[in-house]
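Below is one structure, written out as structure tokens, with a few remarks after it.
Computation of the quantities below employed the complete heavy-atom set of this structure, encompassing side-chain atoms and omitting hydrogens, waters and symmetry-equivalent molecules. Just so it is clear, the model here is predicted, and its values are computed rather than measured. When a ligand or atom number is given, it counts from 1 through the structure's own listing order.
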Amino acid sequence: MSGKQDKEGLRLQTLAVRAAVERSQYGENSEALYLTSGYVQPSAEASARRFAGEEDGYTYGRSGNPTVSSFEQRLAALEGTEACMATSSGMSAIMLMCFSLLKAGDHVVFSQSMFGSTIKLIGSEFARFGVESTAVPQTDLAAWRAAVRPHTRLLFAETPTNPLTEVCDIQALADLAHNASALLALDNCFATPALQRPIELGADIIMHSGTKYLDGQGRVMAGALCASDKMVREKFLPVQKNSGMILSPFNAWVVLKGLETLDLRMRAQSALAHELALWLEQQPAVARVHYPGLTSHPQHALSMRQMNGLGGAVVSFEVRASGPEQARARAFHVLDTLQTLSLCTNLGDTKTLLTHPASTSHGKLSEAQRQAAGIGQGLIRVAVGLEHPQDVRDDLARGLGTLP
Ligand SMILES: *Cc1c(COP(=O)(O)O)cnc(C)c1O
């Protein structure tokens, strides 16, 4: 987060710990957790006005909750958008966005390097309802441009990507979308608003998996869409009210408190990830390291410009091997000799988590598809947490020093 001021005059660091709905009559300093599914109405007239949308006020848990509102206000403040709508997970945020904005015959352009479920949801599930889509190479702007059709309504990108940390130019994609009268949606899960504020680069919708860095401690599932007040009120809210992909108040409260330390965590975890990436580059058993903070990264300059000079907290590396079989055996060895760090399919935790993408997130692809996506059998993803750097290195060195 920069030192920039928002429209109320408070800086981002302040909003990260203070933006919320008003305190209750009890004056609680830590935001209240409202566990209720219904709300007692002050009068029949007021109830009627609330249901007609003429007056603000809570009516039923599917259409709003004060704890969820606090999370939405705080995340909107951090992203610099007018409004935000919370959802039950990152995937339900994408679901809500597509349901709200698309109809049969519309076309979406998205990166082929996006989160696996995102590709399945848009490329397969929405295709059953007549929504067309084209997947393009993440960093090839000409391919994005060539894919745009007259009925293209949405460009959807994620940067940096999982697990190879490919970075695309948000501003260039926003210009491309707007010239085509389309919208740019950006999955800001990896960078978070602490490193990257896509709204300032022209994105229209910022999508989050709150499960990752926003919570930051691997506790709950959550998601969100940040956008203009008009889009949230007129597009997302009506669909959300009727479909129920809502965030539970308890999970909202957990992520709300997580946002208070987002900036500190992202800076500390990015610093540790950078240190680890430099160390991995020096290891004879490592063939290649993928990290936006390294000068060897193909979009290093763009990344530094776009991500507040930091590389994020995810580092991927390839174990040196003579072929796919040896690569897999060696990667499994590194993962199986871990004593401190976790072999765990998640990221954005304070605990460092490692995964083997070729057999998990990208396990359903054919070997040829995996090769095309650059996901080799020797690739290991490290989502760096907050342990002592020496303990992280020691745990990796255990396997890297004894490869079969
Ligand atoms: C995890 C993730 C999602 C999906 O979020 P869930 O909360 O797991 O539904 C989407 N995009 C990215 C980049 C992710 O890492």
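Residue Glu260 is tested with Arg265, Arg74, Arg18 for a salt bridge (charged side-chain N to carboxylate O under 4.0 Å, His left out); the sole match is Arg74. With Glu79 as reference, His208 is the one residue of His208, Arg197, Gln196 to meet the side chain to side chain donor-acceptor pair (under 3.5 Å) rule.
By the 4.0 Å N-to-carboxylate-O rule, Arg49 lies close enough to Glu55 to be salt-bridged with it. Taking a cutoff of 4.0 Å between a charged side-chain nitrogen and a carboxylate oxygen, Asp263 and Arg267 qualify as a salt bridge. Salt-bridge annotation for Arg393 and Glu275: present, with a side-chain N of the basic residue lying under 4.0 Å from a carboxylate O of the acidic one.
Protein heavy atom nearest atom 9 (O) of ligand 1, with residue, atom name and distance: Met91 N, 2.9 Å. For atom 6 (P) of ligand 1, the closest heavy atom belonging to the protein is Gly90 N, 3.4 Å. Among protein heavy atoms, atom 11 (N) of ligand 1 sits closest to Asp187 OD2, 2.6 Å. Phe115 CE2, 3.4 Å is the protein heavy atom nearest to atom 4 (C) of ligand 1. Closest protein heavy atom to atom 1 (C) of ligand 1: Lys212 NZ, 1.4 Å.
When the heavy atoms of Glu158, Met221, Met114 are ranked by distance to atom 8 (O) of ligand 1, first place goes to Met221.
Counting atoms of ligand 1 from 1 in the listed order, those under 4.0 Å from a heavy atom of Ser209 are 1 (C), 2 (C), 3 (C), 5 (O), 6 (P), 7 (O). Every atom of ligand 1 is numbered from 1 in the order shown, and the set under 4.0 Å from a heavy atom of Ala222 is 7 (O).
Relative to the six-membered ring of Phe115, Lys212 meets both conditions, a distance below 6.0 Å and an angle of at most 45° to the axis.
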